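Nothing fancy with the numbering, it's 1 onward along the sequence. Computed from a prediction, not measured in an experiment: that's the story for all the values here.
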Amino acid sequence: MVDDLLEHLRGLLKTSDELPPERVLADTLQVSRHSLRKALKVLRDNGELTSAKSGRRAHSDTNPTPPSSARLVQSTNPLEVMEMRLMIEPALARLAALRASPDEIAQILRTAHSPADLSPAQADQDFHRAVAAGSRNSLASELHILLHRVQNDARLRFTDADSDENTTVERVKARDLEHQKIAEAIASRDPTTAERAMFDHLERTQRKLMGLGLRPGDAA
């Protein structure tokens, strides 16, 4: 039942960045508030939904409407997204090296290896989300989630070369090695190396988007 409810909620989020208040949503979907809250928690834990986008706060007259990722997609491009990621994510890696708890570091190390049961895109997103969570900066983490939602919109892809179907085993291995370098620096509490490794990792992706080509040893 929760799985079916999750699909309904994800469908709503594709057309709007906000969900109605829980009472209205439960009545519309004809589910109990308890089941709805369980499904909403799964979405929040996955980074697909923030607290400000569900429940009463999403429709409060005293709170500004959060930016719509759909609107951002229409006014930006992949290069702008990468520029913002280069500004934010190296700093998140630095903060994670300084602040992450042992459990958060364990999660970062774990997600640095792409599991066989996840798509390459999801594995990559899980790693970067774990680093953001380890930074212990909630605002930066929210910006990171928004950037990834914009980036993952199919309308921002230049070609289908970025799809999971075209991600080779070799490219995933190379990317994992870069993730592992970042993760090991964070685990070693080395903020300078963590920041540099994250910057280098994202810069390679930026070079690909700009058509500059990959250098020897670069991951996609």
Asks: Taking the six-membered ring for Trp, are Phe127 and His179 parallel (under 30°), tilted (30 to 60°) or perpendicular (over 60°)?
Replies: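 Because their plane-to-plane angle is under 30°, the rings of Phe127 and His179 count as parallel.
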
Asks: I want to check something: taking the side chain as every heavy atom from C-beta on, are Glu178 and Met198 in contact at a cut-off of under 4.5 Å?
Replies: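 Counting from C-beta outward, Glu178 and Met198 never come under 4.5 Å.
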
Asks: Is Arg207 reaching over with its side chain to a backbone N or O of Leu202, donor-acceptor style, under 3.5 angstrom?
Replies: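 Judged by distance alone, no pair lies under 3.5 Å.
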
Asks: According to a 4.5 Å side-chain heavy-atom criterion applied to Ile, Leu, Val, Met, Phe, Trp and Tyr, with indirect links allowed, do Leu95 and Ile108 form part of one hydrophobic cluster?
Replies: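 In one cluster: no.
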
Asks: Checking Thr111 against Asp126: is there a side-chain donor and acceptor pair closer than 3.5 Å?
Replies: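 No, no side-chain donor-acceptor pair sits under 3.5 Å.
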
Asks: Nearest 0.5 angstrom please: Leu92 CG to His144 NE2, how far?
Replies: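 One finds 7.0 Å between CG of Leu92 and NE2 of His144.
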
Asks: Do the side chains of Leu177 and Val172 join up, straight or via other hydrophobic residues, at under 4.5 Å, putting them in one cluster?
Replies: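 No, it is not one cluster - the side chains of Leu177 and Val172 are not joined through contacts under 4.5 Å.
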
Asks: Looking only at atom types and distance, does a side-chain atom of Ser141 sit under 3.5 Å from a main-chain N or O of Ala132, one as donor and one as acceptor?
Replies: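 Confirmed, Ser141 side chain pairs with Ala132 backbone.
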
Asks: Linking I/L/V/M/F/W/Y whenever their side-chain heavy atoms sit closer than 4.5 Å, directly or via other members, would Ile182 and Phe199 fall into one cluster?
Replies: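 Same cluster.
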
Asks: So, taking the atom named CD1 in Ile105 and the one named CZ in Arg110, what distance separates them when rounded to the nearest 0.5 Å?
Replies: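 It comes to 12.0 Å.
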
Asks: Quick one: list whatever passes side-chain hydrogen bond (donor to acceptor under 3.5 Å, both in side chains) with Asn137, sequence neighbours left out.
Replies: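 Checked Asn137 against side-chain hydrogen bond (donor to acceptor under 3.5 Å, both in side chains); zero matches.
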
Asks: Could you name each residue pair satisfying ring pair (Phe, Tyr, Trp, His ring centres under 6.0 Å) that touches residues 82-123, not counting sequence neighbours?
Replies: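 Applying ring pair (Phe, Tyr, Trp, His ring centres under 6.0 Å) to every pair that reaches into residues 82-123, excluding sequence neighbours, yields nothing.
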
Asks: If I take atom CG from residue Leu36 and atom CG from residue Leu9, how far apart are they, to the nearest 0.5 angstrom?
Replies: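 Between Leu36 CG and Leu9 CG, I get 6.0 Å after rounding to 0.5 Å.
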
Asks: For Ala123 versus Pro115, what's the shortest heavy-atom pair and its separation?
Replies: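 Scanning both residues completely, I find the closest heavy atoms to be CB-CD, 4.2 Å.
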
Asks: Mind checking the CD-CG spacing from Glu22 to Leu40? Nearest 0.5 Å is all I need.
Replies: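 Answer for the CD-CG pair, Glu22 versus Leu40, is 6.0 Å.
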
Asks: Write down the atom of Glu184, the atom of Leu109, and the distance for their closest heavy-atom approach.
Replies: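 Closest approach of Glu184 to Leu109, heavy atoms only: N-CD2, 4.2 Å.
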
Asks: Without swapping roles, check the side chain of Glu83 against the backbone of Glu80 for a donor-acceptor pair under 3.5 Å.
Replies: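 No: the side chain of Glu83 does not pair with the backbone of Glu80.
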
Asks: Testing the basics here: between Leu98 and Pro191, what is the closest heavy-atom pair and its distance to 0.1 Å?
Replies: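 Of all heavy-atom pairs spanning Leu98 and Pro191, the closest is CD2-CG, 3.8 Å.
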
Asks: Would you say Leu25 and Leu5 are hydrophobically clustered, going by side-chain heavy atoms of ILVMFWY under 4.5 Å?
Replies: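 Both belong to a single hydrophobic cluster.
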
Asks: Tell me whether Leu12 is reachable from Val24 by hopping between hydrophobic residues (I, L, V, M, F, W, Y) whose side-chain heavy atoms are closer than 4.5 Å.
Replies: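 Each belongs to a different hydrophobic cluster.
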
Asks: Do other residues, nucleotides or ligands put more than 12 heavy atoms under 6.0 Å from the CZ atom of Arg23?
Replies: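 Atom CZ in Arg23 is not packed in, count stays at 12 or less.
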
Asks: Considering only heavy atoms from C-beta outward, does the side chain of Arg37 approach that of Ser32 to under 4.5 Å?
Replies: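 Answer no - side chains too far apart.
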
Asks: Give me the atom names and distance for the closest heavy-atom approach of Thr193 to Ala185.
Replies: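 Here Thr193 and Ala185 meet closest at CG2-CB, 3.8 Å.
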
Asks: Listing request: all side chain to side chain donor-acceptor pair (under 3.5 Å) pairs with a residue in residues 88-99, at least two apart in sequence or in separate chains.
Replies: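 Output for this query lists Arg85-Glu89, Glu89-His128, Arg94-Thr192, Arg94-Glu195.
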
Asks: Passes side-chain contact (heavy atoms from CB on, under 4.5 Å), Ser114 versus Lys173? Steps please.
Replies: CA-CA 8 Å; Ser114 297; Lys173 286 182 179 178; over 6 Å; no

Asks: Just verifying a value: how many Å separate Thr28 OG1 and His8 NE2, rounded to the nearest 0.5 Å?
Replies: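 Reported to 0.5 Å precision, the distance equals 11.5 Å.
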
Asks: What's the spacing between Ser135 OG and Glu104 CD if we round to 0.5 Å?
Replies: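 Those atoms lie 8.5 Å apart.
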
